[in-house]
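I'd like to ask you about the structure that follows.
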Amino acid sequence: MLDTLTALDDRVMVALNSHFTEWTDAFMWYFSGKLTWVGFYLCLLWAIKLRYGWRRSLGILVVIALVITLCDQACGHWVRDAVARLRPSNPANPISPLIHTVNGYRAGAYGFPSCHAANSFGLAVFVSLLFKYRPVTLLMFAWAVVTAYSRIVLGVHYPGDLMVGACAGSIIAAVVYFIAKKVYYHYRENCAPWASRGHDCSRAESLRWICGGLLLTVVGIVLMATVTVSMS
């Protein structure tokens, strides 16, 4: 069974990784970058602040940091070191001659499961549970899916790496969210001044900030990709 799944992962990886252009390479290169999304994260934080106020938002920020840390540790160290599955782009992997890479980027030796997928889906799940608003959920999951797919285009993760990473990140985020929620309500009952309600803005107002931050970042990525291709 494991050999069958591995062979299937190889075939799907080669099929998805083989459809590329110079522009899509550049687009996915920037989309996959961590610093690319700083502006979006700031807009997301502001949307949370509008909804919950600064006091609660700082607590939420700490919990988000905990989710990302757990995703990184679980996928990037605990599981990855134990499984030791070579990335498709790793020269030691027999499939590597068939894999298209971008800018010579091959990442580390092992790639199962994907930290990018775990982090992005972890954040998407947590924010979705936080706002409980379908447009926010759709936006966050669309962003997470493209982020995960960019790792296939770059040749550094198998689809299986991404699916397991996405599941792990989603589970971690959901568990942390419900634990944090129970802790918060416990403190609200026993320490009322600590638990301020915030501004009670509409979810639509928060959505405008999240959507605006995402849209501006994607437009920036399109422009950077276009300039990169035109200068090459």
Side-chain angles (χ1 to χ4, degrees), residues 1-3 5-6 8-10 12-13 16-17 28 31-38 40-41 44-45 48 57-90 92-93 95 99 105-132 136-137 139-184:
M1 174 64 86
L2 183 59
D3 289 340
L5 291 175
T6 300
L8 177 62
D9 218 11
D10 284 343
V12 174
M13 177 66 194
L16 294 177
N17 177 257
M28 291 301 185
F31 202 101
S32 186
K34 294 180 180 179
L35 293 179
T36 303
W37 296 99
V38 170
F40 170 63
Y41 296 146
L44 180 59
L45 176 60
I48 293 172
S57 295
L58 290 175
I60 291 169
L61 183 60
V62 170
V63 177
I64 290 176
L66 176 61
V67 169
I68 301 302
T69 300
L70 289 174
C71 288
D72 262 337
Q73 291 298 312
C75 295
H77 297 285
W78 304 336
V79 178
R80 186 174 292 181
D81 291 344
V83 176
R85 187 190 192 192
L86 293 175
R87 292 179 186 269
S89 57
N90 191 310
N93 192 329
I95 199 179
I99 299 300
Y105 175 64
R106 295 182 181 272
Y110 306 128
F112 179 90
S114 166
C115 286
H116 267 75
N119 291 340
S120 57
F121 275 87
L123 182 60
V125 167
F126 188 87
V127 171
S128 298
L129 291 171
L130 195 63
F131 283 94
K132 295 182 175 64
V136 171
T137 299
L139 273 177
M140 293 302 300
F141 274 92
W143 166 76
V145 167
V146 179
T147 298
Y149 183 70
S150 72
R151 307 303 285 173
I152 293 177
V153 175
L154 299 183
V156 295
H157 279 299
Y158 285 101
D161 300 345
L162 300 169
M163 287 188 287
V164 174
C167 290
S170 299
I171 292 170
I172 290 170
V175 170
V176 171
Y177 171 83
F178 287 112
I179 291 175
K181 187 176 180 180
K182 289 183 74 72
V183 171
Y184 167 73

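Along the sequence shown, residues are numbered consecutively beginning with 1. Please read all numbers here as calculations on a predicted model, not as lab measurements.
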- Grab the two heavy atoms, one from Pro88 and one from Ile95, that are nearest each other, plus how far apart they are. O-CG2, 3.8 Å

- Leu129 and Ala174: which non-hydrogen atoms are nearest, and at how many Å?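 Closest pair (atom of Leu129, atom of Ala174, distance): CD1-CA, 4.0 Å.
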
- Applying side-chain contact (heavy atoms from CB on, under 4.5 Å), name anything that partners Val145, two or more places apart in sequence or on another chain. Phe121

- Any residue meeting side-chain hydrogen bond (donor to acceptor under 3.5 Å, both in side chains) with Lys132, in chain and number order, not counting sequence neighbours: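 Scan of Lys132 (side-chain hydrogen bond (donor to acceptor under 3.5 Å, both in side chains), adjacent residues dropped) gives Tyr177.
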
- Message: List the residues meeting side-chain contact (heavy atoms from CB on, under 4.5 Å) with Val153, not counting sequence neighbours, and say none if there are none.
- Response: Asp25, Met28, Tyr149

- Excluding sequence neighbours, so at least two apart, what forms side-chain hydrogen bond (donor to acceptor under 3.5 Å, both in side chains) with Asp10?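 For Asp10, the residues satisfying side-chain hydrogen bond (donor to acceptor under 3.5 Å, both in side chains) (neighbours in sequence not counted) are Tyr158.
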
- Task: Determine whether Leu123 and Met140 make a side-chain contact, defined as any pair of heavy atoms from C-beta on separated by less than 4.5 Å.
- Result: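 Heavy-atom side-chain distance check passes, below 4.5 Å.
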
- Task: May I ask you to decide if the ring planes of Trp37 and Phe31 are parallel, tilted or perpendicular, using 30° and 60° as cut-offs?
- Result: perpendicular

- Item | Selection residues 165-180 - residue pairs positive for salt bridge (Lys or Arg N to Asp or Glu O under 4.0 Å), sequence neighbours left out | none

- Message: Suppose we screen for salt bridge (Lys or Arg N to Asp or Glu O under 4.0 Å). Which residues come up paired with Asp9, at least two apart in sequence or across chains?
- Response: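 Partners of Asp9 under the salt bridge (Lys or Arg N to Asp or Glu O under 4.0 Å) test: Arg85.
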
- Would the number of heavy atoms belonging to other residues, nucleotides or ligands and lying under 6.0 Å from CG of Leu5 be above 12?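 It does: Leu5 CG has more than 12 such atoms within range.
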
- Query: Applying side chain to side chain donor-acceptor pair (under 3.5 Å), which residue pairs with at least one partner in residues 59-83 are found, sequence neighbours left out?
  - Reply: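 Listed by first then second residue: Asp72-Asn119.
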
Taking only distance into account, with no hydrogens and no angle test, what donor-acceptor pairs under 3.5 Å do side-chain atoms of residues 105-118 form with protein atoms, sequence neighbours excluded?
residue : atom : partner : partner atom : Å
Tyr105  : OH   : Arg151  : NH2          : 3.1
Arg106  : NH1  : Ser89   : O            : 2.4
Ser114  : OG   : His116  : N            : 3.3
Ser114  : OG   : Ala117  : N            : 3.0
His116  : NE2  : Ser32   : O            : 3.1

- Rounded distance (nearest 0.5 Å) linking atom CD1 of Ile99 with atom CG of Asn90: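 Result: 11.5 Å between the selected atoms.
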
- Item | For Asn17, side-chain hydrogen bond (donor to acceptor under 3.5 Å, both in side chains) partners two or more places apart | none

- Message: According to salt bridge (Lys or Arg N to Asp or Glu O under 4.0 Å), does anything in residues 166-176 pair up with another residue at least two apart or in another chain? List the pairs.
- Response: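 Sorted pair list comes back empty.
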
Could you tabulate the donor-acceptor pairs under 3.5 Å formed by side-chain atoms of residues 57-68, not counting sequence neighbours?
residue : atom : partner : partner atom : Å
Ser57   : OG   : Ile48   : O            : 3.3
Ser57   : OG   : Lys49   : N            : 3.4
Ser57   : OG   : Gly53   : O            : 2.6

